[in-house]
Structures are given as structure tokens and as C-alpha cells.
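Below is one structure, written out as C-alpha cells; the observations come after it.
A, B, ... follow the sequence lines: proteins, then strands. Residue 1 opens every chain.
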Number of protein chains: 2
Amino acid sequence: MVTEENKSIEKRENILNVAEILFAQQGFEAVSIRELAKVADINIAMISYYFGSKEKLYEEIVLRKLTSTEKMKSIIEQHNTYTDKLFAISDLYADVFIENRNFHNIIFREMAMEQRTMMNAVITENLYKNFTLLSDIIRKGIKAGEFKKNIDIELVATTVIAVNKLFSTSPIVICKILNVDESEFTYGEKHKKRLKKYLHNLLTSYLAIP
Amino acid sequence: MVTEENKSIEKRENILNVAEILFAQQGFEAVSIRELAKVADINIAMISYYFGSKEKLYEEIVLRKLTSTEKMKSIIEQHNTYTDKLFAISDLYADVFIENRNFHNIIFREMAMEQRTMMNAVITENLYKNFTLLSDIIRKGIKAGEFKKNIDIELVATTVIAVNKLFSTSPIVICKILNVDESEFTYGEKHKKRLKKYLHNLLTSYLAIP
DNA sequence: CAAATTTAATTAAACGTTTGTTTAATTTTC
DNA sequence: GAAAATTAAACAAACGTTTAATTAAATTTG
């Protein structure tokens, strides 16, 4: 059922979605209000009307999709061994990064900025929390005797994020590397499976006790 | 000896260096000619005078520092085993990324852009060539019986680049992760060594035959 | 229920700034 | 004194935002 109220919300939502794609493709400053309005098929004044300003629109895009630690925690609890917990989180990263790759393009671009902003702080904090969950699993896995002792916990966690990130947010170069046609490569299940499987193997060989 | 001719070249060089830092920190569009001129302590007209346009200045910044495959090739030849070759290239990535992290911030931001530009094509081609050298080493290492057989060559190569990249171009979040004070963390030898050593271990456990 | 009224949504036009670039005059260098 | 380097000022175009007028929707009233 589509009520009249929902229509307005849908229009707002549509602006957010279009803006997310454009910001991801070109960067925040490169996208003008006029271009955004054209693509979203709305009047330029509607952005100020709905969001207040271009800056606030950007903030809303970022804040609405930050992966909640709660979701990660519940996934962690669903598995017994630390290996399974680690695999599940690694898989989640692949899924979330690929599914929302436009969004994560924005996030990692923001992360690379060296000038600190309010938004930057929020993003850093969020990523750090997610990272902590990851490194905690590894730390506990060591204590439980499931993983080797002399491993670099922080950098393994970094690796999981780094590989998933590069894979999902640099499609052009990844296509060349995997020798896949770019038009065909829509990050389908096939390549996602390959990525997940590889990370499982990589983590196992580095962490698992032979 | 500083001749008068060198003075002019130095001024040009200075503009390139300042622009590289600003573009890396804020993105191309976010940096105005006026801000750049202020930081570089020159008149705004000098950018057009020296480079023609802001766009051409950007192109020159990108093109002047792309890691040449020749340099990589010579390093590869200096080592005997494929393990050593691989380690040397992995180390080179760490050195180059960290040393020119402003530059590589620009590069990876450009890579994440989905709209193809001339610059984008040049960058992709360059990164692909470097990647090929890396995957060739692994492929030959397998043939030579130095590495395991059932490994994902393309994704190992991707991992080396991804980890080095994230480590060097996201200082704020990496500092938090490594629990290092940000003011102290200038990517000194200590952290570079840790990164290199970790990647050696990671690659060894995934590739080497036990 | 329909008319009147209020509220919300949408528009075109204009706002003052800022953008990258150019011009024309001036200073410096050779 | 010719050539190169540097400057302040001006340029049109594009920027994000605001305004005031108009249409659409919702609510109140008789």
C-alpha cells in the first residue's frame, strides 16, 4: 500500500540514493546541486527544502548506512569456534562492502582525508569499533588455543578490511586483474564466493595451528 | 649551485609539491586555485602561466610519479628465489606507498572513480602492469615448486597492494588501530618494519610449502 | 458533503559568492 | 631594450542557497 505520506518519503529517499551514487562516483565537491537535481528529477530548491543544505544531505547519507556493531555482534554470537566467528565477519565485510560499494567508496574517501571533520570523526569511530570486534575474536582465539601465538593481530584485522575494501571499491582495476569483462562484472555471487573463499584460506594458513 | 634558471624550476616544482599535498588531503575539486596560490605563496595567475590550467597541473602531478615497471623489474632481477623476489616487491610497495602517500591518496581516489577519464585509464594501466609483475612472480614460483599449487594468484597479488595501500593512506584510523599517538606516528621505520614483516609472514604461510 | 482555510510541496527566478581563467600593466631578468 | 616573470584587477560561468509566487494536499468549518 502506497499512502500519500509514503510518496513524500520515497522522494526524499530517492534523492539520498541518487546523491550517494553521484558522490561515490565523483566525490562530494564535484557533484553540483544542479546535476544532482537533474538526475533525481527534482527542482534544485528541494535539496535545501528536504535536507537544509548539501552538507547536511551528505551527513545523512553517511550516517544512515554505517554498519552497526550490533549486527556484527549478533553474527559473532551465532558461531561457536573462533575460526567460524572470524569467517562470518570476513564474509559480512564482503557482503556489506560489495552490496553498498557506492557508500563505502564515500567512506574510504573520507577516511583518506587528513583534515579532520565532524563526519570524519564519526566514520573513524565506527570503523574502529568494527575493527575492535575483529581483533577481539583473534585475541580470544589465541587464548583458546585455536590460533597461533605469534601473530600480528592488528594487521590481520586490517588485512580483512583492506582486501574486501579494494576488491569492492575499485571495480575497473579489479576487472582487469581478474581478467573479467567489465560489463559482465556486476559483483555477482561468483566473484563474491571467490573473494570469501580466498580470505578463508588466507586467514587459515596464517592463523590456524597446523 | 643555484643558478637563476634553477630558481624558476624550483618555483614550478614547489607548486607541484604543494598542490600534491592539498589534492591528496582534500580532493581535486575541493582545492581552489586561490587556496593553492596562498599556500604556495604565489600569484593565482602563475598556475595558468606555468601549467596552462588546473586540470593540466593535476595531470602533471599524477604522471610524474607513477612507479615505473622498470624499477620493479630491476629489483626482481636482483633476487634469486621467488620468495625473495616477492618479499622485495612487497617491501617496495610499502616504501613507495608510505614515502609518497599523498600521491597515492590521489591515485587510489582516482581509481575509485567509476567515470572513466584519460587520467583514469593511464593510472589503471600502470597499476595493472605492476600487478602483472607481482602475479608473474607467484606463477613462476608455483611452477618452480617453491609455492603451493592451489592458491589464488590474483587475489594474493591484490592483497599485497590492498594492505600496503590501506596502511599508508588512512593514517588516522590506522593510528587508532595500532594504538599509536597520531602526532608521533609519522610512518617511521618502526611501523614500516612491522608492516613489511607481517606481509612476509602472511605470504609465507599462504604460499610456502610446509 | 462541499466549500473555505491552512499547511505542505514545488517551482522559476534571483541572490551574493566563489570558481578557474584572462587581461593588461608592471617589475625583474638577461 | 627585449624577454620572461609577476602582479592586481576584471571576466564570465557556476556554485549553493534563498525568495516569493504557485500549485497540491490536508484539514477545518458550515
Side-chain angles (χ1 to χ4, degrees), chain A residues 1-62 106 109-110 113 115 117-119, chain B residues 1-62 106 109-110 113 115 117-119:
Chain A
M1 190 192 71
V2 180
T3 67
E4 292 304 321
E5 191 194 346
N6 284 350
K7 251 189 187 172
S8 174
I9 294 176
E10 270 176 30
K11 238 167 210 177
R12 228 188 96 100
E13 201 69 29
N14 179 247
I15 296 174
L16 285 166
N17 292 334
V18 170
E20 182 184 297
I21 294 170
L22 293 181
F23 287 162
Q25 287 176 343
Q26 308 176 40
F28 176 73
E29 286 86 3
V31 179
S32 73
I33 293 287
R34 280 160 185 84
E35 183 189 358
L36 169 55
K38 212 176 203 171
V39 179
D41 197 30
I42 47 148
N43 188 278
I44 54 165
M46 295 309 290
I47 283 138
S48 288
Y49 180 76
Y50 274 129
F51 304 97
S53 69
K54 189 189 175 190
E55 189 79 29
K56 282 181 189 164
L57 164 64
Y58 179 65
E59 286 178 17
E60 190 161 334
I61 288 172
V62 172
I106 296 175
R109 192 171 298 156
E110 190 73 29
M113 302 266 181
Q115 55 180 6
T117 61
M118 191 267 282
M119 201 76 319
Chain B
M1 187 192 75
V2 179
T3 67
E4 291 305 322
E5 191 192 349
N6 284 352
K7 252 190 188 172
S8 175
I9 293 176
E10 270 176 31
K11 237 167 211 177
R12 228 187 95 100
E13 201 69 29
N14 179 247
I15 296 174
L16 284 166
N17 292 334
V18 170
E20 183 183 296
I21 293 169
L22 293 180
F23 288 162
Q25 286 176 342
Q26 308 176 38
F28 176 73
E29 287 85 2
V31 179
S32 72
I33 293 287
R34 280 163 184 82
E35 183 189 358
L36 170 54
K38 209 175 204 173
V39 179
D41 197 31
I42 48 150
N43 187 278
I44 54 165
M46 296 310 290
I47 282 135
S48 289
Y49 180 77
Y50 274 130
F51 303 97
S53 68
K54 189 189 174 189
E55 189 80 31
K56 281 181 188 164
L57 163 65
Y58 179 64
E59 286 179 19
E60 191 161 331
I61 288 172
V62 172
I106 295 175
R109 194 171 297 159
E110 190 74 28
M113 302 267 180
Q115 52 180 6
T117 61
M118 191 268 282
M119 201 75 323

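- Atom C1' of nucleotide dA4(D) and atom CD1 of I42(B) are separated by 16 Å, given to the nearest angstrom.
- For dC15(D), neither phosphate oxygen OP1 nor OP2 lies less than 4.0 angstrom from any side-chain nitrogen or oxygen of K54(A).
- Residue Y49(A) places none of its side-chain N or O atoms closer than 4.0 Å to OP1 or OP2 of dT10(C).
- Separating the NZ atom of K11(B) from the C1' atom of dA5(D) is a distance of 8 Å, rounded to the nearest angstrom.
- Rounded to a whole Å, the CE atom of M46(B) is 14 Å from the C1' atom of dA8(D).
- With rounding to whole Å, Y50(A) atom OH is found 17 Å from dT18(D) atom P.
- Among all heavy-atom pairs drawn from E60(A) and F51(A), the shortest one is OE1-CD2, 3.6 Å.
- Counting to the nearest Å, the C1' atom of dA5(D) and the CZ atom of F51(B) are 14 Å from each other.
- Smallest separation of non-hydrogen atoms from I44(A) and A37(A): CG2-CB, 3.6 Å.
- Among all heavy-atom pairs drawn from I61(A) and E20(A), the shortest one is CD1-N, 3.8 Å.
- A heavy-atom distance below 4.5 Å is found between the side chains of L36(B) and L57(B).
- Put simply, the side chain of M46(A) does not reach to within 4.5 Å of the side chain of K11(A), judged on heavy atoms.
- Taking atom CD1 on I47(B) and atom P on dG20(C), their separation rounds to 9 Å, with Å as the unit.
- Each of dA12(C), dT22(C), dT21(C) was ranked by its minimum atom distance to the side chain of A45(B); first place goes to dT22(C).
- Near DNA chain D, defined here as any heavy-atom distance below 4.0 Å, the residues from residues 22-37 of chain A are V31(A), S32(A), I33(A), R34(A), listed numerically.
- Counting all heavy atoms, side chain and backbone alike, K54(A) lies closest to F28(A) at NZ-O, 3.0 Å.
- The nearest whole Å value for the distance from the CD1 atom in I15(B) to the P atom in dA5(D) is 12 Å.
- Contact annotation: N43(B) side-chain N/O to dA8(D) OP1/OP2 distance is under 4.0 Å.
- Under the 3.5 Å distance criterion, with hydrogens and angles disregarded, a donor-acceptor pair is assigned to the side chains of E110(B) and Y58(B).
- With rounding to whole Å, N14(A) atom CG is found 12 Å from dT10(C) atom P.
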